[in-house]
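First comes the structure, then the notes that go with it.
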Amino acid sequence: MTDHATPTLSACRDDVREIVATRLGISVQDLDEDTTLERLGLDSLLLAETVTAVEDRYRAPVDVLALTDHLSPVTPLSAVLDELARAAHSSGN
């Protein structure tokens, strides 16, 4: 982020959504948040890459183990977006 103002949680979530879509190789408009991680093909490697991208963008540490502890293949994407957006938003950058 080049702006020094703290982004809103909603803005962070939009950014995370864009990061996920890019990692999956689909457009943001085609990203259905109700779709499960399994159906999206968001495996552990893609999730780790997504987490790294969020950490780099927001300089926000994300506890990957805590994140993945409550995830399963049938978790909807919205849960991941919410968790990563909260981590990004809490960075205060």
Side-chain angles (χ1 to χ4, degrees):
M1 307 279 321
T2 57
D3 188 339
H4 293 291
T6 301
T8 65
L9 182 59
S10 177
C12 290
R13 196 173 191 287
D14 289 345
D15 285 345
V16 170
R17 185 177 162 85
E18 186 176 314
I19 290 168
V20 170
T22 299
R23 294 280 175 238
L24 292 172
I26 61 175
S27 72
V28 173
Q29 295 80 9
D30 290 337
L31 194 59
D32 181 357
E33 293 187 24
D34 293 327
T35 303
T36 64
L37 301 181
E38 180 178 59
R39 292 203 71 208
L40 284 170
L42 191 62
D43 61 15
S44 58
L45 178 59
L46 280 174
L47 183 58
E49 290 174 355
T50 301
V51 166
T52 298
V54 170
E55 289 176 327
D56 290 348
R57 183 168 195 155
Y58 286 95
R59 297 181 188 99
V62 176
D63 185 346
V64 177
L65 294 177
L67 176 66
T68 57
D69 258 0
H70 62 275
L71 297 180
S72 75
V74 295
T75 300
L77 175 62
S78 60
V80 174
L81 296 177
D82 290 343
E83 289 291 324
L84 291 176
R86 278 193 285 276
H89 185 257
S90 70
S91 73
N93 289 324

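Just the heavy atoms: all of them, side chains too, but no hydrogens, waters or symmetry mates, feed the values below. If you read the sequence from its start, that first residue is 1, and numbering goes on from there.
Leu9 and Leu84 fall into different hydrophobic clusters, where Ile, Leu, Val, Met, Phe, Trp and Tyr are joined by side-chain heavy atoms under 4.5 Å apart, directly or via other members.
Taking each heavy atom of Ala60 and Ala88 in turn, the nearest pair found is CB-CA, 4.0 Å. Contact record, Asp30 with Ile26: O-CD1, 4.1 Å, taken as the closest heavy-atom pair. Minimum heavy-atom separation, Leu71 to Leu67: CG-O, 3.1 Å. The two atoms that bring Pro7 and Ala11 nearest to each other are CB-CB, 4.3 Å, heavy atoms only. The two residues Ser78 and Arg13 have their closest heavy-atom pair at O-NH2, 3.6 Å.
Atoms OG1 and CG, from Thr50 and Leu47 in turn, are 6.0 Å apart once rounded to the nearest 0.5 Å. One finds the CZ atom of Arg17 at 15.0 Å from the SG atom of Cys12 (value rounded to the nearest 0.5 Å). Summarising the geometry, atom CD1 belonging to Ile19 is positioned 5.5 Å from atom CZ belonging to Arg57; distances are rounded to the nearest 0.5 Å. To the nearest 0.5 Å, the span separating CG on Asp34 from CG on Leu77 amounts to 9.0 Å. The line from CD of Glu83 to CG of Asp63 is 10.0 Å long, rounded to the nearest 0.5 Å.
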Practice item. Start with the C-alpha distance between Asp14 and Val28, add both sets of side-chain angles, then the distance that settles side-chain contact (heavy atoms from CB on, under 4.5 Å), and finish with yes or no. Key: CA-CA 9 Å; Asp14 289 345; Val28 173; over 6 Å; no

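The closest donor-acceptor contact from the side chain of Glu55 to the backbone of Val62 lies under 3.5 Å.
You'll find the side chain of Leu31 reaches within 4.5 Å of the side chain of Leu40, heavy atoms only. Counting only heavy atoms from C-beta outward, the side chains of Val54 and Val51 never approach each other to under 4.5 Å. Side-chain contact between Thr75 and Ser72 is present, with heavy atoms from C-beta onward closer than 4.5 Å.
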